[in-house]
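Just the heavy atoms: all of them, side chains too, but no hydrogens, waters or symmetry mates, feed the values below.
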Amino acid sequence: MPHTFLYIRKAKNSDAAALAKLAGELGYPTTTAQMKNRLEPLISKSHHGIFVAENESVIGWIHVCIVQSLESDTFAEIRGLVVAESHRNKGIGKQLVAAAETWAQKKMCTRIRVRTNMVRIDAKAFYSKLGYNVNKTQEVFDKML
């Protein structure tokens with residue numbers, strides 16, 4: 001199989017269908033309409049970076065944002081990362097994380113955080129390999145409004 005060129009670029013509104021499909025692979029089933037509604041306001045905001053990996057089509061995405069709070073200095077957080085199952089273990093996730101880290105540095109962040117579900121063993125190994133360290137373990141509480 002010939003090597004295909006991989007391109008990392010900023011996401012566009014027209015990527016919504018591909019991003020929705022990949023969100024489903026991540027375990028978050030999403031329609032194209034839902035993704036359009038989420039994507040459109042985010043890509044126009046300077047404190048959100050959404051990047052896609054594509055060769056002939058979009059095969060991965062990463063969402064990173066700036067987090068500001070009273071209890072800590074501003075930092076960047078990876079909010080989501082997914083690579084199509086058929087393209088995993090080829091360095092694509094690493095390239096997407098590098099794009100997020102570069103974006104965060106340009107935004108003057110000196111720290112980047114990522115959260116992953118405890119059951120995502122592969123994700124924990126992936127981030128550890130990239131130099132991310134476990135800082136704390138916590139529980140997430142939701143309340144439907």
So, for Leu19 and Trp61, which heavy atoms are closest and what is the spacing to 0.1 Å?
O-NE1, 3.3 Å
Side-chain heavy atoms under 4.5 angstrom apart, residues restricted to Ile, Leu, Val, Met, Phe, Trp, Tyr: same cluster for Val82 and Ile112?
no
Run the salt-bridge test on Lys21 and Asp15 with the 4.0 Å N-O cut-off and return the result as yes or no.
no
Looking at every heavy atom in both Ala23 and Met35, which two are closest together, and how far apart are they?
CB-CE, 4.0 Å
What is the distance from atom NE2 of His48 to atom NZ of Lys10, rounded to the nearest 0.5 Å?
13.5 Å
Does Val97 belong to the same Ile/Leu/Val/Met/Phe/Trp/Tyr cluster as Leu6, with side-chain heavy atoms less than 4.5 Å apart forming each link?
yes
Do Val58 and Leu96 land in one hydrophobic cluster if side-chain heavy atoms of ILVMFWY residues count as linked below 4.5 Å?
no
If I take atom CD1 from residue Ile62 and atom CD1 from residue Ile8, how far apart are they, to the nearest 0.5 angstrom?
9.0 Å
Value for CD1 (Ile59) from CD1 (Ile92), rounded to nearest 0.5 Å, stands at 3.5 Å
Could I get the full list of side-chain hydrogen bond (donor to acceptor under 3.5 Å, both in side chains) partners for Ser69, not counting sequence neighbours?
Glu71, Ser72
Does atom CZ of Arg38 have more than 12 heavy-atom neighbours, drawn from other residues, nucleotides or ligands, at distances under 6.0 Å?
yes
Would Asn135 and Arg113 satisfy side-chain contact (heavy atoms from CB on, under 4.5 Å), going step by step from the backbone distance to the final call?
CA-CA 9 Å; Asn135 185 32; Arg113 169 179 285 171; 3.8 Å; yes
May I ask you to check whether over 12 heavy atoms, not counting those of Gln138, lie within 6.0 Å of atom CD?
yes
Could you walk me through whether Arg9 and Val52 pass side-chain contact (heavy atoms from CB on, under 4.5 Å), step by step?
CA-CA 6 Å; Arg9 62 168 173 79; Val52 299; 3.4 Å; yes
Under the 3.5 angstrom rule, does the side chain of Ser44 hit a backbone N or O of Leu42 as a donor-acceptor pair?
no
Check whether any side-chain heavy atom of Ile43 lies under 4.5 Å from a side-chain heavy atom of Lys12, and answer yes or no.
no
Looking only at the side chains, is there a donor atom on one of Arg111 and Thr74 sitting less than 3.5 Å from an acceptor on the other?
no
Closest approach of Ile66 and Lys107, non-hydrogen atoms and distance?
CD1-CB, 3.7 Å
Grab the two heavy atoms, one from Trp103 and one from His47, that are nearest each other, plus how far apart they are.
CH2-O, 3.5 Å
Electrostatic pair Lys45-Glu40, nearest N-O below 4.0 angstrom
no
When you group the ILVMFWY residues by side-chain heavy-atom contacts below 4.5 Å and let the links chain together, are Ile78 and Tyr28 in the same group?
no
Decide side-chain contact (heavy atoms from CB on, under 4.5 Å) for Lys94 and Lys129; before the verdict, give the C-alpha distance in whole Å, the side-chain angles of both, and the deciding distance to 0.1 Å.
CA-CA 10 Å; Lys94 182 177 181 180; Lys129 188 175 177 183; over 6 Å; no
Roughly how far, to the nearest 0.5 Å, is CG of Asn117 from NZ of Lys124?
8.5 Å
Of the non-hydrogen atoms in Tyr132 and Glu101, which two are nearest, and what is the gap between them?
OH-OE2, 2.7 Å
Please find the pair of heavy atoms, one from His87 and one from Val83, that lie closest to each other, and give the distance.
O-CG1, 3.7 Å
Decide yes or no on side-chain contact (heavy atoms from CB on, under 4.5 Å) for Phe141 and Glu139, but give the supporting numbers first.
CA-CA 7 Å; Phe141 294 82; Glu139 294 183 16; 4.1 Å; yes
With rounding to the nearest 0.5 Å, note down the distance linking OH in Tyr7 to CD in Glu54.
7.5 Å
Distance from Glu25 atom CD to Ser86 atom OG, nearest 0.5 Å?
7.0 Å
